[in-house]
Amino acid sequence: MNSHTRPRMILDCDPGVDDAIAIITAARWADLVGITTVAGNVSGAQTCANAMRLRTLLGLDIPIHRGADGPMAGDLEDASHVHGADGLAGVDLPEADGEPDSADAVEYLVETTRAEEGLHLVPIGPLTNIALALRADPGLAHRVASITLMGGGAGSGNVTAAAEFNIYVDPEAADIVFRSGGPVHMIGLNLTNQVRMGPDHATTCREMGTPVGDFATHLLDHLIDIHFQWEGSDTSAMHDPSAILTVTHPHLIRSEPRTVVVELDGTHTRGQTLVDERGPAAGEPSCRVGYGVDVDSAVDLIMTAIREA
Ligand code: RIB
Ligand code: CA
């Protein structure tokens, strides 16, 4: 008897190496209702193709709906230098077969949350699709159990000193989401940088001797190499999987109510998620911000998901 309850979620993603590990994690620990894809780490066409490739690898029977091909304002600045030109570190994986279930992620998000209230919305890429859905139907903000997003953070960014990638790519979208009045839960870099996996985890995945274990080994080897080049670290942060586990295992996360605003105009700070830490002086909090995480348990759950995929 599996005592673990599996929260029902829609995953909005830009696979993306850590998105791929997040999808494996969600497939094991959540009731994954559907996936929407967005341009971010690589193009909108490629992130959708990658989600379909992962659906095949994992044998998932879920719909995939393609979304926005770029931010609400300006041009897409992708992260192919981190995730590889194909977005999955050049992994040897069969190409996507067929087409996505639709090219209208916004319609899927609006209609699915109308048909079933209480779903968790888990965006782990730029927030373009979520913002467009909220603009199409503001009531969406009050029909979902949470909007648990990987993005931003209470501190330094990773694209600039101020901005984290998912927010940096589409600050206008992030501003709409944070001002939506919905149950926003920000799982930002200040938390996700704590959840790290390294060479020992890659070795353990390789020793699993399974297609998903081999796939995860390739992704981890790539991420570790990138992080070593960047920061001399031999471990890599599990950004997107941390957002999944926040929903599936909330007891592992320590969050606080905070007011967060998104900077749109700052010369050096555009895309910053400014967290008001002033306490009562900050007024009514607008969201929750993740600060603490049980790292060992989180990593164990990610490894279990890979092993049992
Ligand atoms: O800053 C980390 C985020 O940017 C993750 O979602 C990663 O996939 C990239 O999209
Ligand atoms: Ca992502």
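Numbering of ligands and ligand atoms starts at 1, following listing order.
- The protein heavy atom nearest to atom 4 (O) of ligand 1 is Phe165 CD2, 3.3 Å.
- Taking each heavy atom of Pro211 and Leu57 in turn, the nearest pair found is CB-CD1, 4.3 Å.
- Note that the OG1 atom of Thr192 and the CG atom of Asp18 stand 8.5 Å from one another [nearest 0.5 Å].
- The option from Asp240, Asp19, Asp14, Val17 that lies nearest to atom 6 (O) of ligand 1, judged by heavy atoms, is Asp240.
- Here Ile124 reaches the Ca ion (ligand 2): one of its N/O/S atoms is less than 3.0 Å from the metal.
- At least one N/O/S atom of Asp19, from backbone or side chain, sits under 3.0 Å from the Ca ion (ligand 2).
- Note: Leu301 CG to Leu245 CG = 5.5 Å, rounded to the nearest 0.5 Å.
- Among the candidates Asn193, Leu220, Thr25, Ile244, the single residue satisfying the side-chain contact (heavy atoms from CB on, under 4.5 Å) test with Met238 is Leu220.
- Closest to atom 9 (C) of ligand 1 among all protein heavy atoms lies Asn41 OD1, 3.2 Å.
- Counted by atom type alone, Thr36 and His65 present zero donor-acceptor pairs between their side chains at under 3.5 Å.
- In terms of N/O distances under 3.5 Å, ligand 1 is approached by Ile124.
- Closest to atom 3 (C) of ligand 1, if we only count protein heavy atoms, is Glu164 OE2, 3.3 Å.
- Distance from atom 8 (O) of ligand 1 to its nearest protein heavy atom, with residue and atom name: Asp18 OD1, 2.5 Å.
- Looking only at side-chain heavy atoms (C-beta outward), Ser156 and Leu189 stay at 4.5 Å or farther from each other.
- The His239 neighbourhood of ligand 1 comprises atoms 2 (C), with distances under 4.0 Å to a heavy atom of that residue.
- Annotation for ligand 1: atoms under 4.0 Å from non-hydrogen atoms of Met150 are 2 (C), 3 (C), 5 (C), 6 (O).
- In summary, the side chains of Thr37 and Arg66 do not present any donor paired with an acceptor at a separation below 3.5 Å, with no hydrogens or angles considered.
- In Asp240, the N, O or S atom that comes nearest to the Ca ion (ligand 2) is OD2.
- Considering every non-hydrogen atom in both Ala51 and Ile35, the closest pair reads CB-CG2, 4.3 Å.
- Using a 4.0 Å cut-off to heavy atoms of Asn158, the atoms of ligand 1 that qualify are 1 (O), 2 (C).
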